[in-house]
Amino acid sequence: MATPDSALFVFKGVPFAAPPVGELRWRAPQPAKHWTGVRRADTFGYSAIQADTGAFGPWTKEFIFGNKTSEDCLYLNIWTAAKRANAKLPVLVYIHGGGFSGGSGEVAVYDGTKLAIKGLVVVTINYRLGALGFFAHPELTKESGHNSSGNYGLLDQVAALRWIQKNIAAFGGNPNNVTIAGQSAGAASVHYLTASPLAKGLFHRAIAQSGSGVGRGFTRPREVAEQEGIRYAQEKKVTSLSALRALPAKSFIGYFSDPFRFGPAIDGWFLTDDVTKIFAEHKQNDVPTLTGLTADEGSAFPNKMSAEAFRKQAQQRYGEHAEAFLSLYPANSDAEVATSQRVAERDQGVYSMALWAEQRANTAKTKSYLYYFAHAIPWPQHPEFGAFHTSEVPYVFHNLHLLDRPWTSTDQRLADIVSSYWVNFATKGDPNGKGLPVWQAFTPQTPLFLRMDANTVPMPLPAKAKREVFKEMLIGRDGKSAL
C-alpha cells in the first residue's frame, strides 16, 4: 500500500509462517503457503489470542492493540521508503511488549512511518502469546523431535527473522544489516534471541528498552515448565494433546490474575541455558547492544508505603545494610517515604543495568550504549506517572502526533534526537551522528549512561554509598564488581 504522497510504502498483514492452528498448535512454526496472483497488504493481520484489557493506567489506546484476535496470528508489517528492490537499507525489526501475554505489531505507537522516512526499513511482528505461545508438556517434548516444548512464541520470532533474511531485499532492506529491537517483553525477547543458537546470523545489532539488569531474564527449566503444563491441562479437565488441540483457542486466554503465567523456559533447543550463564561463557550472539530504562518504570503500579512499612522492608531486603539504606533514603514520615521510595527505585534500576553491562563486558567484544529516559510525557491530568514504562516509545518512533498531549518544542526536539539515535545505531552499530549530543559507549572504566530529557547529557552512576547498599542484594555477598 502506497501512502498518499507515494513517499512511503506500507505492507500490512504479510504472513511469515503458516497459521499455527489444529495440529500445528504447540508446534514450531511452519513455512507460510505460497499464493498466486496479487495479495492485498493494506490491512493488519489478526493479533494473537489474548485478553482485551483496553486502556489502563498510563497506557492509553495508542499503546494497546485494537485489532481482532485469532490463533491465526503470524503476520508482520513493513514500512519502507525504498524506491527500488535491493536498495540495501538497514532493517529494524521491532518486537512488541506485553508480558508475553498481550500486545501486537499493529499497536499505534509502533507505526514505522517516521523511522522509514529517516532511512530504515521497519518491520513489526506478531508472535504467539500466553498458553498458546509458551505451554510446555512432557507429551509435547516427546513429539517435538528436539526434546523440547514451550517457547513457541520465541520460535515465531526466529521464523520472522528467517523470513526477513529471505525476503526483505525485495522491500529495499539489507538482510546483512538487521537490528532486533523491543520494549519490556520485547526487550526480554531481544536478550533471548541474543542467547539462542537458533538465531545465530539472523541479526546484527540489538536494542532492549526496559529489559536489562542483573537477575532479569530468569527462565524456568523445561521440567518445571512441563509440570506446570500438566497442572494447567488438569485445570482444563483434559489430559491428551488431541483433546487440548481440539479446544477453542479462546479457552486459553489468560488474565493478569490467572495463577498460570506462561513465559519462556530453558527448553534445551531455542534456549540451552540461563541467559546470564550463556553470556558468561561467551556463547551469545555477540552484537552491538543499545539498552536503557525509564525513570519511573513502576509508576503504573505504585506500591505506596507508610514510613513504618518502608523501614520494615528495608530491614528484610538489606539486613545489616538497612541502616545505611535508610540514611540515604530516609523514612521519617509517610510523605518523605514517597520521595525516598521513588529515588531508591530509580537508583537501583540504574545500578542494576550498569552491573548487567559490566558483566556483559567481561565476554562481549562489541560495544554497549546505555540510556536513562527521564522525560515525562506532558500529561497535566496524570503527573504521577512521570516517565512511565513504555513512555520513550513514541519518541523512539517519532510518533508524538498520534497521542493527544500538550506537546512542546522540547518534546519535538527530543523525539528527533532519540529517533535519530535509533536510526544511526540500526545503520552502523553506533548511535552517534552529526548534530546529536555525544553518546559514549559504556565500559567498566567509564560507566556512563546518556540521560535523555530536556537536556540530553552523560549521566554517572549513583554515588558509591548507594551502590554499596544495592550491590549485595543484586549480586550477592561474593558477587564481584568493579562498579
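Keep in mind that this is a model prediction, so the values were computed, not measured.
For the pairing with I168, the side-chain contact (heavy atoms from CB on, under 4.5 Å) check across L89, N174, V121, V178 returns one residue only, V121. For the ring-ring contact (aromatic ring centres under 6.0 Å, His included) test with F134, the passing option among F100, F262, Y192 is F100; the others fail.
Applying the 6.0 Å contact sphere to CG of N362 captures more than 12 heavy atoms from other residues, nucleotides or ligands. Under a cut-off of 6.0 angstrom, the local environment of CD in E223 is crowded, with over 12 non-hydrogen atoms contributed by other residues, nucleotides or ligands. For CG of D404, the number of neighbouring non-hydrogen atoms (other residues, nucleotides, ligands) closer than 6.0 Å is 12 at most. Heavy-atom neighbours of Q315 CD from other residues, nucleotides or ligands within 6.0 Å: above the threshold of 12. Enclosure of atom NZ in K428 by more than 12 non-hydrogen atoms of other residues, nucleotides or ligands within 6.0 angstrom is indicated.
In plain terms, the two heavy atoms of L326 and A331 that are nearest each other are CD2-CB, 4.3 Å. When all heavy atoms of L483 and P447 are compared, the pair lying nearest together is CD2-CB, 3.8 Å. Residues V122 and A116 approach most closely at CG2-N, 4.1 Å, considering heavy atoms. Here the closest heavy-atom approach between residue K471 and residue S481 is recorded as NZ-O, 3.6 Å. Considering all non-hydrogen atoms of both residues, S419 and H398 come closest at OG-CD2, 3.5 Å. Of all non-hydrogen atoms in K304 and Q341, the two that sit nearest each other are CA-OE1, 4.4 Å.
Aromatic ring orientation, F310 versus F325: tilted (interplanar angle from 30° to 60°). Relative ring orientation between F442 and F449 is described as perpendicular, the plane-to-plane angle rising above 60° on a 0-90° scale split at 30° and 60°. Relative orientation of the F252 and Y232 rings is tilted, given thresholds of 30° and 60° on the angle between their planes. Relative orientation of the F388 and W59 rings is perpendicular, given thresholds of 30° and 60° on the angle between their planes.
When side chains are defined from C-beta on, L328 counts as touching V469, because their heavy atoms get closer than 4.5 Å. With a 4.5 Å cut-off on side-chain heavy atoms, W79 and L120 do not count as touching. Contact check for D430 versus N424: no side-chain heavy atoms found under the 4.5 Å cut-off. In this structure the side chain of T60 reaches within 4.5 angstrom of the side chain of R405, judged on heavy atoms. The shortest side-chain heavy-atom distance between D411 and Y395 falls under the 4.5 Å cut-off. Contact annotation: the side chain of C73 approaches that of R128 to within less than 4.5 Å [non-hydrogen atoms, C-beta and beyond]. Contact of the I475 side chain with the L355 side chain is registered, since non-hydrogen atoms from C-beta on lie closer than 4.5 Å. At a threshold of 4.5 Å between non-hydrogen side-chain atoms, the residues V93 and I164 count as touching.
With hydrogens and angles ignored, the 3.5 Å screen pairs a side-chain donor or acceptor of K118 with a backbone N or O of D416. With hydrogens and angles disregarded, no donor-acceptor distance shorter than 3.5 Å links the side chain of T219 to the backbone of A265. With hydrogens and angles ignored, the 3.5 Å screen pairs no side-chain donor or acceptor of S340 with any backbone N or O of V337. Checking side-chain atoms of N67 against main-chain N and O of G45 turns up a donor-acceptor pair under 3.5 Å. In this structure a side-chain-to-backbone donor-acceptor pair under 3.5 Å is present from T194 to V190. Side-chain atoms of T363 come within 3.5 Å of backbone N or O of F279 as a donor-acceptor pair. Between the side chain of N285 and the backbone N or O of P197 there is no donor-acceptor pair closer than 3.5 Å. Between the side chain of R222 and the backbone N or O of S148, no donor-acceptor pair lies under 3.5 Å. Using a distance-only test at 3.5 Å, with no hydrogens or angles considered, a donor-acceptor pair links the side chain of R467 to the main chain of P462. Put simply, the side chain of D453 never gets that close to the backbone of N455: no donor and acceptor are under 3.5 Å apart.
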Before giving the answer on side chain to side chain contact (heavy atoms under 4.5 Å, CB included), spell out for F270 and L155 the whole-Å C-alpha distance, their side-chain angles and the decisive distance to 0.1 Å.
CA-CA 7 Å; F270 174 89; L155 293 172; 4.2 Å; yes
Apply the test side chain to side chain contact (heavy atoms under 4.5 Å, CB included) to residues H375 and M452: give CA-CA distance (whole Å), side-chain angles for both, the deciding distance (0.1 Å), then the verdict.
CA-CA 7 Å; H375 186 74; M452 297 175 174; over 6 Å; no
Would H191 and S212 count as a side-chain hydrogen bond (donor to acceptor under 3.5 Å, both in side chains) if you check the C-alpha gap in whole Å, the side-chain angles of each, and the deciding distance to 0.1 Å?
CA-CA 8 Å; H191 288 305; S212 304; 2.8 Å; yes
What verdict does the side chain to side chain contact (heavy atoms under 4.5 Å, CB included) test give for Y371 and M459, after you've listed the backbone C-alpha separation in whole Å, the side-chain angles of each residue and the deciding distance to 0.1 Å?
CA-CA 9 Å; Y371 71 86; M459 183 185 85; over 6 Å; no
List the steps and the verdict of salt bridge (charged side-chain N to carboxylate O under 4.0 Å, His left out) for D273 and K283.
CA-CA 10 Å; D273 210 329; K283 295 179 180 178; over 6 Å; no
CA sep, side-chain torsions, deciding dist, call: F425, Y421, ring pair (Phe, Tyr, Trp, His ring centres under 6.0 Å):
CA-CA 6 Å; F425 184 80; Y421 281 137; over 10 Å; no
Stepwise ring pair (Phe, Tyr, Trp, His ring centres under 6.0 Å) test for H321 and F470:
CA-CA 9 Å; H321 301 291; F470 292 125; over 10 Å; no
Please step through side chain to side chain contact (heavy atoms under 4.5 Å, CB included) for the pair S368 and L370, ending with a clear verdict.
CA-CA 7 Å; S368 65; L370 276 59; 3.9 Å; yes
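A donor and an acceptor atom, one from each side chain of E297 and S210, are located under 3.5 Å apart. A donor and an acceptor atom, one from each side chain of T124 and N77, are located under 3.5 Å apart. Defined by atom type and a distance below 3.5 Å, a donor-acceptor pair is present between the side-chain atoms of Y329 and D347. A side-chain N or O of S189 and one of Q157 form a donor-acceptor pair less than 3.5 Å apart. Side chains of S104 and H96: no donor on one and acceptor on the other come within 3.5 Å. In summary, the side chains of W422 and Q209 do present a donor paired with an acceptor at a separation below 3.5 Å, with no hydrogens or angles considered. Between the side chains of E308 and S306, no donor-acceptor pair is found at a separation under 3.5 Å. Checking R360 against T366 by side-chain atom types alone, a donor-acceptor pair falls below 3.5 Å. Side chains of H204 and T179: a donor-acceptor N/O pair is absent below 3.5 angstrom, by distance only.
Atom CG of D52 sits about 8.0 Å away from atom OG1 of T69, to the nearest 0.5 Å. Interatomic distance, I266 CD1 to K277 NZ, rounded to the nearest 0.5 Å: 9.0 Å. One distance of note links CH2 of W439 with CG of L448; it measures 12.0 Å at 0.5 Å rounding. Note: I125 CD1 to E106 CD = 14.0 Å, rounded to the nearest 0.5 Å.
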